[in-house]
Amino acid sequence: MQPLQIAIEGTDAVDAAKALMDLPTLSGDRQTPDGTQREGVTAVIATIVGIVGGSLAAAEQIKKWYQERKKADSGKTITKAVLVGKDKRVLLEGATVEEIKVVLESLG
């Protein structure tokens, strides 16, 4: 499996990326690229190198993670999250589990 990335932007990007990498169906790492913080908004790249338990379970957990982070009451927000595969990408806002699963499976 080739790694895929989720680009996360917002004041909650760092904590959101940590929570994403703590999901039991994903293995990988996260990094904050240099020069990506402006006006309190941070961009974080989470790189997923492995999926445990299948792409459907991972897609469901990613969708649930995103929904929970969007409605968190911490005062911090995610303004954008994009799942980027080899030849496919999906904006997580409004994405279905099936759309997320297709990107995960594109990495074969």
Side-chain angles (χ1 to χ4, degrees):
M1 168 183 270
Q2 294 181 3
L4 65 92
Q5 296 182 326
I6 298 181
I8 307 164
E9 295 179 4
T11 55
D12 190 36
V14 174
D15 291 338
K18 182 183 179 319
L20 178 68
M21 291 294 94
D22 287 344
L23 294 176
T25 56
L26 303 177
S27 66
D29 200 1
R30 65 190 189 287
Q31 64 181 7
T32 305
D34 292 337
T36 57
Q37 184 168 5
R38 57 183 167 6
E39 299 176 21
V41 175
T42 302
V44 177
I45 305 295
T47 302
I48 299 169
V49 295
I51 296 173
V52 179
S55 58
L56 178 59
E60 289 171 344
Q61 286 194 342
I62 290 170
K63 173 105 175 147
K64 182 179 177 185
W65 161 84
Y66 182 74
Q67 291 173 331
E68 288 175 356
R69 298 313 290 200
K70 283 294 282 189
K71 66 179 180 182
D73 293 332
S74 66
K76 296 181 178 181
T77 60
I78 293 176
T79 55
K80 186 176 183 180
V82 181
L83 175 63
V84 181
K86 182 179 177 184
D87 297 322
K88 300 181 187 295
R89 68 178 48 213
V90 64
L91 183 64
L92 293 182
E93 181 69 35
T96 66
V97 170
E98 185 60 33
E99 290 170 326
I100 296 167
K101 181 177 174 261
V102 167
V103 175
L104 295 176
E105 290 176 344
S106 74
L107 301 173

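Along the sequence shown, residues carry numbers from 1.
Closest of all the heavy-atom pairs between T42 and A13 is O-CB, 3.3 Å. Across all non-hydrogen atoms, the minimal contact from A58 to T25 is CA-OG1, 3.5 Å. Shortest non-hydrogen contact noted between V49 and G28 is CG2-CA, 3.9 Å. Shown here for I48 and M21, the closest heavy-atom pair between the two residues is CG1-CE, 3.7 Å.
Evaluation of the salt bridge (Lys or Arg N to Asp or Glu O under 4.0 Å) test over residues 19-30, restricted to residues two or more places apart or in two chains, returns K18-D22.
Side-chain atoms of T79 come within 3.5 Å of backbone atoms of E9 as a donor-acceptor pair (strictly under, hydrogens ignored).
Here the side chains of K71 and Q67 are not in contact, with every heavy-atom distance at 4.5 Å or above. For the pair V103/K86, no side-chain contact is recorded, criterion being any heavy-atom separation below 4.5 Å from C-beta on. No side-chain heavy atom of L92 sits under 4.5 Å from any side-chain heavy atom of I8. A heavy-atom distance below 4.5 Å is not found between the side chains of V52 and L26.
Taking V82 as the reference, K80, V84, R89, L91 meet the side chain to side chain contact (heavy atoms under 4.5 Å, CB included) condition, with sequence neighbours excluded. Taking K63 as the reference, nothing meets the side chain to side chain donor-acceptor pair (under 3.5 Å) condition, with sequence neighbours excluded. With sequence neighbours excluded, the residues satisfying side chain to side chain contact (heavy atoms under 4.5 Å, CB included) with A95 are V90, E99, I100. With sequence neighbours left out, the side chain to side chain donor-acceptor pair (under 3.5 Å) criterion links E93 to Y66. For K76, the salt bridge (Lys or Arg N to Asp or Glu O under 4.0 Å) partners at least two apart in sequence or on another chain are D15. In this view, E60 and L56, V97 satisfy the side chain to side chain contact (heavy atoms under 4.5 Å, CB included) rule, not counting sequence neighbours.
The CG atom of L20 sits 4.5 Å away from the CD1 atom of I6 when rounded to the nearest 0.5 Å. To the nearest 0.5 Å, atom OG1 of residue T47 and atom CD of residue Q5 are 4.0 Å apart. Q61 contributes atom CD, which lies 10.0 Å from atom CD of E68 (distance to the nearest 0.5 angstrom). The CG atom of L104 sits 12.0 Å away from the NZ atom of K88 when rounded to the nearest 0.5 Å.
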